[in-house]
Amino acid sequence: MVDRLANSEANTRRISIVENCFGAAGQPLTIPGRVLIGEGVLTKLCRKKPKARQFFLFNDILVYGNIVIQKKKYNKQHIIPLENVTIDSIQDEGDLRNGWLIKTPTKSFAVYAATATEKSEWMNHINKCVSDLLSKSGKTPSNEHAAVWVPDSEATVCMRCQKAKFTPVNRRHHCRKCGFVVCGPCSEKRFLLPSQSSKPVRICDFCYDLLSTGEMTTCQSARSDSYSQSPKSSLNNVSDDDDDEDSSD
């Protein structure tokens, strides 16, 4: 079905509408063979609080942005290549229900659908697109992904030293390797993480020591596995900063 739609007028028209909704600031989305699979509003857990975002699933990329005018105007366009994506379901807890993690080497975050059926459809379609892409390219699934950021609200004190209290003056920072909320003195070091940035980025002292000794891979893998195994851990560690103010820390 995707192959039949690839060069159809209806598909080209739908993609053109999405392009126009993002305006001149958005990147062009129309390329040969690209198909718009589906779209919808999902709640994305950001650094400060959950926010509604418009998502578009294509057969090769996932696109999302801020909603300015529903179905008419979006901004802050983000494009994620699907061949780098892995997804993990998140168990329901409290008001956050029907969620899953979207993990890539560059960034990882959680999204929540309105219903369990909608969640199932999104996850099935994403997995199918990823599987098809990998099958055509002969590549293997990505086993590296960026840490999901612990939301600011989950940490009143530094998650490393367990002493420094956060205030308007003593600001929160995030380690780019483990995603923990840490104080300034516990995250003064920088380390090059090529999948995330071409320049050294802020990391906590704990991760710096592990990276420097080559022990980080095992630690990170074990922490990543905990997301799909522990409901509490999943919900407390699923945020990123891509569309929040003061996101550089």
Side-chain angles (χ1 to χ4, degrees), residues 1-6 10-11 14-15 17-19 21-22 26-27 29 33-46 49-67 70-71 74-136 141-143 145-146 148-149 151 224-225 227-231 233-235 237-240 242-243:
M1 180 178 178
V2 170
D3 292 336
R4 292 204 309 269
L5 290 172
N11 177 65
R14 292 175 67 199
I15 295 178
I17 291 173
V18 175
E19 282 185 344
C21 286
F22 279 102
Q27 296 184 37
L29 298 173
R34 177 168 290 165
V35 176
L36 178 59
I37 305 297
E39 61 185 270
V41 177
L42 298 173
T43 298
K44 179 174 175 291
L45 197 58
C46 300
K49 62 181 181 180
K51 299 177 181 178
R53 295 288 182 257
Q54 181 73 28
F55 281 77
F56 300 92
L57 176 64
F58 296 83
N59 59 331
D60 62 333
I61 57 174
L62 182 67
V63 179
Y64 70 92
N66 295 4
I67 302 170
Q70 183 64 46
K71 296 187 180 298
Y74 311 109
N75 64 12
K76 295 189 177 180
Q77 182 193 69
H78 298 267
I79 300 177
I80 301 174
L82 282 179
E83 66 177 13
N84 296 327
V85 169
T86 57
I87 58 176
D88 287 325
S89 180
I90 301 173
Q91 296 187 37
D92 295 342
E93 183 173 312
D95 293 333
L96 296 175
R97 307 179 66 82
N98 310 314
W100 68 96
L101 289 174
I102 296 175
K103 302 187 296 185
T104 80
T106 305
K107 68 172 60 179
S108 302
F109 54 92
V111 291
Y112 296 85
T115 66
T117 299
E118 186 178 344
K119 169 186 174 177
S120 177
E121 290 177 348
W122 270 101
M123 292 189 70
N124 288 338
H125 284 307
I126 292 173
N127 276 328
K128 179 64 165 59
C129 289
V130 173
S131 176
D132 289 347
L133 282 172
L134 295 177
S135 177
K136 291 179 180 179
S142 175
N143 58 6
H145 62 82
V148 287
W149 283 25
S224 300
D225 292 343
Y227 293 133
S228 58
Q229 296 172 1
S230 168
S233 173
S234 294
L235 290 173
N237 296 275
V238 285
S239 170
D240 79 326
D242 61 4
D243 46 12

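The first residue in the sequence is number 1, and the count goes up from there.
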Review point. Should the pair F22 and Y74 be assigned to parallel (<30°), tilted (30 to 60°) or perpendicular (>60°) ring geometry?
Key: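 Tilted: the ring planes of F22 and Y74 meet at 30° to 60°.
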What orientation do H78 and Y64 show, parallel under 30°, tilted 30 to 60°, or perpendicular over 60°?
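Answer is parallel, since the angle falls under 30°.
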Shortest non-hydrogen separation from C46 to K51 and the atoms involved: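 Heavy atoms only, the tightest pair is SG-CD, 4.0 Å.
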Hey, could you give me the [atom1]/[atom2] distance between [X] and [Y], rounded to the nearest 0.5 Å?
X	Y	atom1	atom2	value
H145	K107	NE2	NZ	15.5 Å
W100	T86	CH2	OG1	14.0 Å
N124	I87	CG	CD1	8.0 Å

If we ignore hydrogens and angles and just use 3.5 Å, is the side chain of [X] paired with the main-chain N or O of [Y] as donor and acceptor?
X	Y	answer
R34	F58	no
N59	V35	yes
D92	N98	yes
T104	V85	no
Q77	G65	no
K44	V111	no

### Task
List the steps and the verdict of side-chain contact (heavy atoms from CB on, under 4.5 Å) for I102 and W122.
CA-CA 11 Å; I102 296 175; W122 270 101; over 6 Å; no
* Asked: Does D132 come within less than 4.0 Å of K136, counting only side-chain N to carboxylate O?
  ->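 Salt bridge absent between D132 and K136.
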Evaluate the side-chain proximity of [Y] to [X]: yes if any heavy-atom separation is below 4.5 Å, no if none is.
X	Y	answer
V41	Q70	yes
I80	T106	no
V130	L82	yes
L101	S108	no
D95	Y112	no
Q54	K71	no

message: My understanding is that only one of I17, L57, V63, I15 makes a side-chain contact (heavy atoms from CB on, under 4.5 Å) with L36; could you say which?
response: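 Checked I17, L57, V63, I15 against L36; only one passes side-chain contact (heavy atoms from CB on, under 4.5 Å): I15.
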Let's go through I61 and L29 carefully: what are the C-alpha distance in whole Å and the side-chain angles of both, what is the deciding distance for side-chain contact (heavy atoms from CB on, under 4.5 Å) to 0.1 Å, and is it a yes or a no? CA-CA 10 Å; I61 57 174; L29 298 173; 4.2 Å; yes
(message) Run T117 and E121 through side-chain contact (heavy atoms from CB on, under 4.5 Å) and show every step you take.
(response) CA-CA 6 Å; T117 299; E121 290 177 348; 3.8 Å; yes
side-chain contact (heavy atoms from CB on, under 4.5 Å), that's the test. Do L42 and E118 meet it? Break it down for me.
CA-CA 10 Å; L42 298 173; E118 186 178 344; 3.9 Å; yes
